[in-house]
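No hydrogens, no waters, no symmetry mates; every other heavy atom, side chains included, goes into these values. Below, chains carry the letters A, B, ... as their sequence lines are ordered, and counting in each starts from 1.
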Amino acid sequence: MSDAPASARDVVLGRIRDAHRLAPPPDLPYEAIARDYRRTRSASTDELVELLVDRLVDYKARVRRTTPDELVATLAAALRDQGVQSVAVPAGLDAGWLDGSGVAVRRDRPADGAGLTVAELDHLDGVVTACAVAVAETGTIVLDASPDQGRRLLTLVPDYHLCVVRADQIVPDVPQALALLDPVRPTTMISGPSATSDIELNRVEGVHGPRTLEVVVVTSSSDSGM
Amino acid sequence: MLGMPTLPPPAPRGVGHLRGDESFPAAARHALADTQLRANLGHATRTIRAKRASVVAELPDWEELREAGRQLKVHTMAHLPDYLEQLEAAVTARGGVVHWARDADEANRIVVDLVKAKGVDEVVKVKSMATQEIALNEALEAAGVSAWETDLAELIVQLGHDRPSHILVPAIHRNRSEIRRIFLDEMGDVDPDLTDEPAVLAGAARLHLRRKFLSAEVAISGANYAIAETGTIGVVESEGNGRMCLTLPKTLITVMGIEKLVPRYTDLEVFLQLLPRSSTGERMNPYTSMWTGLTPDDGPQEFHLVLLDNGRTQVLADAEGRDALNCIRCSACLNVCPVYERAGGHAYGSVYPGPIGAILSPLLTGVEDNASLPFASSLCGACYDACPVKINIPEILVHLRARHTETYAEEHRAPSAEAVAMRTLSYVMRSPLRWTLALRSGRFGRLLGRRRGTIGEVPLPVVKQWTETRDLARPPQQTFRDWWADTHSGDPS
């Protein structure tokens, strides 16, 4: 035994061990935990797109559907309708996407330059990104800071977020989305625009995050009968 | 060599918000007299109950998810030391700094020192039950640091010089016109033509806090869960104030109870389905942020994680009560509780109100410091049905009532009124003769109940304690046994 005073760490861990000896916990190995909930549902791309769109609209996101060929025109139309004149884009966003949109594009951390500052972002009208995965059942877009989604602050400070989801990125449910994600990447799950339920427990859209979320779902012509 | 295990200490007195100034019955009396409060609570809880029921009904595997959530928590609590050490190693490996706090005082000291070392006099905060529990804002204030609450409801509470009354929606006791009044009186920079439209009120909060978000150097948050395997921390929120705090400041300090652990990243598939549907009645909350230590050039570049005990290890030592630690703070039990709906959150004294508070607060502080809370329930069981991790709250309430009765008898060298009543009843019921005589004496009750048809308060010592809050039906003229004897005399069966 040493005479040095025990560290808080040792004390807390010691207390837990004491608690376990005073009241031995049940023996339930990790592998024995019952997981009888749905984990491997499948659905057609059409069904997934329909469900995702339904859920996004229900939580007040705007939705446009398009095809790869029409994507550039669809993005330009979305930005025009929103009255957006300047956008931030992450370093790895496809440079062709905003061709001919007529908006001023500020690229974050381009190969030859620095990142956008918070103050700069605060003066931009919007941000355009891709996503990592989308969850149909909950209407959730997941960003994992990949090059085409960028740093977390990009999709937070501007008031309008335009997000492109490819149909093959949509999974049915939360378990299947998590299976595709890398935990150590900074991850943001977004379900509709910023909202609050703090006043009389009614949901109201638009507090600190982007007050408008617009999602463009890209279905290739082979994905659907369109 | 291990010695005899000692019972871990409760959350210390004199710091934090786990103990009320008055007992539940006394505090509830003020609340019940406030008709505006009752109307606000009734409206809000009815709204959320309907929303929750509809999104829960969408999932055919809800019961299987609840059971998985329960088992995950039971497993985690049984392996807490291993998982905490794993979490510490993972966070440290990714550039974070882990601190351990035995109690509220130590946690407050750690955070205040970290903030002072940054040389700032204000911090932004994401709503966190743990920091409310330890009264971190007061500790920061005492050290000359202003703590800005950024969650809308927390802001309403802070501006209103008020106390939170709900786990999820701390300002649930306020309606829109009261909130408008608070903003007009306290915000300073607010538009005088502010209406009471919720969207307009939310817009005012956005403007009010925006400059703080964009300039804050240090943020303080809680955690909804921490993944032992990866060191990933998650915060679930709606407004984006969480994302602002977790992303923009250079330094992030997260205070988390040691029970908030989840073994592996995959396990979130259970809690990310249970939590939003149970709390705000949404399929998914608008924003969930997850981070693992530091990421170069993205988000805070200094991260501290404070692991808080503050009585939790004592809860763990109570075999019948420890499931209270499995709570994921969704507040579904508050919204379905008939007692909470009428009395409101302030009556519980602690930052943890409602059914979960009625077990968690006395478990954390020791039953005698919150002795009235286990009795603040009708044991109807709605909370157990609503709990996403199946905490058997009614059973733990009964267990704590027994603990209180035993402790009371020991400390006062005299049994409580309930103990006397139960012991007497047991004596009477052991003998058929005594039981028959006792039933017949019920006729005495007919005299007491003569005027109203019910028996109200009976002003006798001990009896008064029981009868002052209960009405008893006037007993019938004849007991069942007498009636049976009269009508079946000579019956051959």
Side-chain angles (χ1 to χ4, degrees), chain A residues 7-9 11-13 15-23 25-28 30 33-39 55 115 118-119 122 137-140 145 151-153 156 174-175 178-179 183-184 186-204 206-209, chain B residues 5-6 8 43-44 47-48 61 64-65 67-68 71-72 74-75 77-78 80-81 100-102 152-153 169 175-176 179 198-199 201-202 206 214 230 232 238-241 243-244 247-248 263 265-266 268-269 272-273 280 283-284 286-292 295 298-299 309 313 316-317 319:
Chain A
S7 70
R9 179 184 191 277
V11 169
V12 173
L13 290 172
R15 286 175 183 174
I16 299 170
R17 294 195 174 100
D18 275 358
H20 281 163
R21 289 172 66 205
L22 288 165
D27 179 29
L28 174 63
Y30 184 82
I33 292 168
R35 293 181 191 266
D36 300 326
Y37 52 90
R38 299 169 301 165
R39 303 176 86 187
R55 297 296 151 91
V118 172
D122 198 31
E137 186 174 70
T138 56
T140 304
R151 299 185 294 155
R152 285 172 283 173
L153 81 176
L156 174 63
V174 173
L178 287 172
V184 302
T187 303
T188 307
M189 298 184 170
I190 299 173
S191 309
S194 158
T196 180
S197 300
D198 282 350
I199 301 170
E200 301 176 6
L201 271 166
N202 268 312
R203 181 168 165 134
V204 176
V207 200
H208 304 293
Chain B
T6 47
H43 170 72
T47 306
I48 193 72
D61 54 349
E64 288 77 12
L65 284 165
E67 182 57 25
Q71 293 194 17
L72 271 164
V74 168
H75 164 82
M77 294 310 153
L80 209 46
W100 299 71
R102 280 165 273 219
L152 178 53
V169 196
N175 66 22
R176 58 185 75 187
I179 295 166
L201 295 170
R206 177 184 173 99
L214 302 191
T230 59
T232 307
S238 294
E239 296 167 15
N241 64 307
R243 292 179 69 193
M244 288 281 180
T247 312
L248 299 185
Y265 186 70
T266 2
L268 286 185
E269 69 188 21
L272 284 180
Q273 295 194 73
T280 49
R283 297 184 189 105
M284 190 64 96
Y287 299 130
T288 297
S289 297
M290 292 188 253
W291 70 96
T292 308
T295 305
D298 185 351
D309 178 355
T313 47
L316 204 59

Inset, instruction - Decide yes or no for A/Y30 and B/L72: does some side-chain heavy atom of the first lie under 4.5 Å from some side-chain heavy atom of the second? - result: yes

Legend entry - Expected output: side-chain A/R152 to main-chain B/D298 donor-acceptor under 3.5 Å: yes

Inset, instruction - Side chain from CB out, backbone as N, CA, C, O: work out which of these in B/D309 comes under 4.5 Å of a heavy atom of chain A, or both, or neither. - result: side chain

Inset, instruction - Give the intermediate values and the outcome of side chain to side chain donor-acceptor pair (under 3.5 Å) for residues B/E269 and A/Y37. - result: CA-CA 10 Å; B/E269 69 188 21; A/Y37 52 90; 2.4 Å; yes

Inset, instruction - Measure distances from B/E239 to the heavy atoms of chain A and classify the residue's part below 4.5 Å as side chain, backbone, both or neither. - result: both

Inset, instruction - Grab the two heavy atoms, one from B/A68 and one from A/A34, that are nearest each other, plus how far apart they are. - result: CB-O, 3.3 Å

Inset, instruction - For B/P8 and A/A19, work out which heavy atoms get closest and say how close. - result: CG-CB, 4.3 Å

Legend entry - Short side-chain to backbone donor-acceptor contact, B/N175 and A/E200, under 3.5 Å: no

Inset, instruction - Could you pull out the closest heavy-atom pair between A/D198 and B/A153, with the gap in Å? - result: OD2-N, 2.8 Å

Legend entry - B/R243 CZ to A/H208 NE2 distance, which is reported to the nearest 0.5 Å: 12.5 Å

Legend entry - Closest non-hydrogen atom pair, B/P286 against A/P193: CB-O, 3.9 Å

Inset, instruction - Starting at CG of B/D61, measure out to CZ of A/R38 and round the result to the nearest 0.5 Å. - result: 4.0 Å

Inset, instruction - Give, as side chain, backbone, both or neither, the part of B/I179 having an atom under 4.5 angstrom from any heavy atom of chain A. - result: side chain

Legend entry - Part of A/A145 within contact of chain B (heavy atom distance under 4.5 Å): side chain

Legend entry - A/L13 vs B/W100 side-chain heavy atoms within contact, under 4.5 Å: yes

Inset, instruction - Select, from A/E137, A/R17, A/R55, the one with the greatest count of heavy-atom pairs under 4.5 Å involving chain B. - result: A/R55

Inset, instruction - Against chain B, label A/V12 side chain, backbone, both or neither, depending on which of its atoms sit under 4.5 Å from a heavy atom there. - result: both

Legend entry - Min side-chain heavy-atom separation B/M290-A/M189 under 4.5 Å: yes

Legend entry - Contact class of B/M77 relative to chain A, heavy atoms under 4.5 angstrom: backbone

Inset, instruction - Select one option (side chain, backbone, both, neither) describing which atoms of A/T196 are under 4.5 Å from chain B's heavy atoms. - result: both

Inset, instruction - Could you look at B/T47 and say if it's the side chain, the backbone, both or neither that has a heavy atom under 4.5 Å from chain A? - result: side chain

Inset, instruction - Can you tell which part of B/H43 gets under 4.5 Å to a heavy atom of chain A, answering side chain, backbone, both or neither? - result: side chain

Inset, instruction - Can you see which heavy atom on B/T230 is nearest to which on A/P183, and at what distance? - result: CG2-CG, 3.8 Å

Legend entry - Approximate separation, where rounding is to 0.5 Å, of B/Y287 OH and A/L156 CG: 7.5 Å

Inset, instruction - Report yes if the side chains of A/L28 and B/Q71 come closer than 4.5 Å at any heavy-atom pair, otherwise no. - result: yes

Legend entry - Interface residue of largest heavy-atom contact number with chain B, from A/P26, A/G139, A/A195, A/G192, under 4.5 Å: A/A195

Inset, instruction - Without swapping roles, check the side chain of A/S191 against the backbone of B/R283 for a donor-acceptor pair under 3.5 Å. - result: no

Legend entry - Side chain, backbone, both or neither of A/V207 within contact of chain B (heavy atoms, under 4.5 Å): both

Inset, instruction - Please flag which part of B/L248 lies under 4.5 Å from any non-hydrogen atom of chain A: side chain, backbone, both or neither. - result: side chain

Legend entry - Separation of A/I33 CD1 from B/E67 CD (nearest 0.5 Å): 10.5 Å

Inset, instruction - Kindly indicate whether the side chain of B/L152, heavy atoms from C-beta on, has any atom under 4.5 Å from the side chain of A/I199. - result: yes

Legend entry - Atom pair CZ (A/R203) and CD1 (B/I48), whose distance is rounded to the nearest 0.5 Å: 11.0 Å

Inset, instruction - Could you tell me the separation between the CG atom of B/L80 and the NE2 atom of A/H20, rounded to the nearest 0.5 Å? - result: 6.0 Å

Legend entry - A/S197 versus B/V169, closest heavy-atom pair with distance: O-CG1, 4.1 Å

Inset, instruction - Considering only heavy atoms and a distance below 4.5 Å, find which of B/R102, B/R176, B/M284 pairs most often with chain A. - result: B/R102

Inset, instruction - Identify which part of A/V184 has an atom lying under 4.5 Å from any heavy atom of chain B, answering side chain, backbone, both or neither. - result: both

Legend entry - Polar side-chain atom of A/D18 near backbone of B/T6 as donor-acceptor pair, under 3.5 Å: yes

